[in-house]
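Structure, as structure tokens:
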Amino acid sequence: MDWQYFVGHHLQREWFKNAILHDRLASTFLLVGPEAIGKRTFAKMIAKTLLCTNSSPAEFAPCGKCEACIQIEVGTHPDFIQIARDQDKTALSIDQFIGREEARMREGLCYEIRMKPYSGRRKIAIVDDADTIGVEGANSILKTLEEPPPGSVIFLISTSLQRQLPTIRSRCQVVRFQGLSQEGLATLAMRQGLTNDADEANQIARKANGSMASFHVLLDEELREFQGEMIRQLSERPMDFIKFAKAIQANVESAGSESQAKRERLKQLIEFAQQHYRAELRDLLHQSGISPEPKLQCIQRCLEAKEHVDRMVAPAALIEAWSADLAAI
Ligand SMILES: [Zn+2]
């Protein structure tokens, strides 16, 4: 990725561009702003700008294609250090800063950043989830923030200045980020393949308050709404299977441009139908005189349909046949 594909945050870009051009780049930054708006991606872009081997930092145009750019993207560049809170932990651990107990000061961010840069340029570190640095963690990183190795750049990613200990705050240059614009969010969502329906992307973006995290949640809500609509249609007698198939088709299309995303969505929708029949079956078991057979057949047909998705049967044909069969049972 290069800056051309980076969405939003133009002021911050200009600011860094200027600082790099005039060789006035500070060493420690606290990037502050709402969650999921691109702060980490921004820091990575700056890292690429500084380490790209196809363009000089002053050009402020990393190529996104050289080995250095790619290694930063995937997190394997020897001069690029990235730490984040472990998924199952509530905070960054001091081990991540100064190494495990048996290897104190011989590993971890504070150690690595002092190593000579392999690239001959500089070391760059990103500390994600900096809101969760506790007092212990702060104490272990203070010295590094206070006297950063020459040329090194450290980015702390935070959602709120209030959550930072004063000791950390006072040692960093604060850069504030705002939420993304509606247009920016919609562009990003389409580019990430979350939907390929521009109207849907815009509608959700309008409610998402500038954050991709909210966009994801709202997208899920849309899916829940669609689940409700599916169940209404499945319960109609007679069931309008053509209308049903069209609705399913449209929803699958909106899942993204990649066929893998579409197949996953289709399986999810078939699962919704199957859950509905299973619930009906459970209700039937409490009543006498009604055969559970049709519900069982519907469940069987859903299982079959999911198998067909896995076997790469063409989705359009699959959806039509599945819908028609459910209506006929
Ligand atoms: Zn490059």
Side-chain angles (χ1 to χ4, degrees), residues 1-33 36-84 96 108-130 144 148-158 172-173 175-177 180-181 183-185 187-194 212 256-258:
M1 188 172 102
D2 56 47
W3 283 113
Q4 200 187 327
Y5 295 102
F6 184 83
V7 175
H9 312 308
H10 296 277
L11 281 176
Q12 292 79 353
R13 277 193 236 184
E14 281 309 305
W15 192 87
F16 271 90
K17 190 175 170 179
N18 249 302
I20 292 171
L21 185 65
H22 297 107
D23 216 7
R24 282 192 276 104
L25 192 64
S27 241
T28 50
F29 294 95
L30 189 58
L31 308 188
V32 184
I37 59 169
K39 298 186 298 296
R40 187 190 321 109
T41 311
F42 183 90
K44 269 168 102 170
M45 286 302 298
I46 298 293
K48 287 181 196 173
T49 302
L50 294 170
L51 296 177
C52 176
T53 53
N54 276 338
S55 74
S56 74
E59 287 173 77
F60 207 73
C63 70
K65 298 183 189 81
C66 69
E67 202 182 353
C69 283
I70 289 169
Q71 284 179 328
I72 290 168
E73 183 61 39
V74 300
T76 56
H77 195 291
D79 293 334
F80 178 64
I81 307 150
Q82 207 177 359
I83 64 170
Q96 293 174 291
L109 183 142
C110 299
Y111 169 78
E112 283 178 48
I113 202 147
R114 292 198 179 276
M115 306 280 282
K116 191 164 162 276
Y118 287 84
S119 63
R121 294 198 187 180
R122 40 171 115 219
K123 290 278 187 189
I124 299 167
I126 295 181
V127 178
D128 215 338
D129 307 304
T144 303
S152 64
V153 182
I154 304 173
F155 294 101
L156 305 178
I157 313 280
S158 159
C172 296
Q173 172 130 25
V175 183
R176 290 174 191 275
F177 285 71
L180 293 163
S181 66
E183 195 194 352
L185 268 186
T187 306
L188 206 55
M190 305 261 293
R191 211 172 272 165
Q192 291 180 357
L194 293 176
M212 274 315 273
S257 50
E258 308 231 328

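Indexing begins at 1, ligand by ligand and atom by atom, following the structure's order. The structure displayed is predicted, hence computed values, not measured ones.
Across every non-hydrogen atom of Ile124 and Ala47, the tightest pair is CD1-CA, 3.7 Å. Pairing each heavy atom of Gln12 with each of Phe177, the nearest pair is NE2-CA, 3.7 Å.
Inside a sphere of radius 2.8 Å centred on the Zn ion (ligand 1), the protein N/O/S atoms present are Cys52 SG, Cys63 SG, Cys66 SG, Cys69 SG.
Across His10, His9, Gln4, a single residue satisfies side chain to side chain contact (heavy atoms under 4.5 Å, CB included) together with Phe6, and that is His9.
The distance between the ring centers of Phe29 and Phe42 does not fall below 6.0 angstrom.
Between the Arg13 side chain and the Gly8 main chain, a donor and an acceptor come within less than 3.5 Å of each other.
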Just distance, no hydrogens or angles: give the donor-acceptor pairs under 3.5 Å from side chains in residues 150-158, sequence neighbours left out.
from   : atom 1 : to     : atom 2 : distance (Å)
Ser152 : OG     : Pro149 : O      : 2.6
Ser158 : OG     : Asp131 : OD1    : 2.8
Ser158 : OG     : Ser160 : N      : 3.1
Ser158 : OG     : Ser160 : O      : 3.1
Ser158 : OG     : Gln164 : NE2    : 3.1

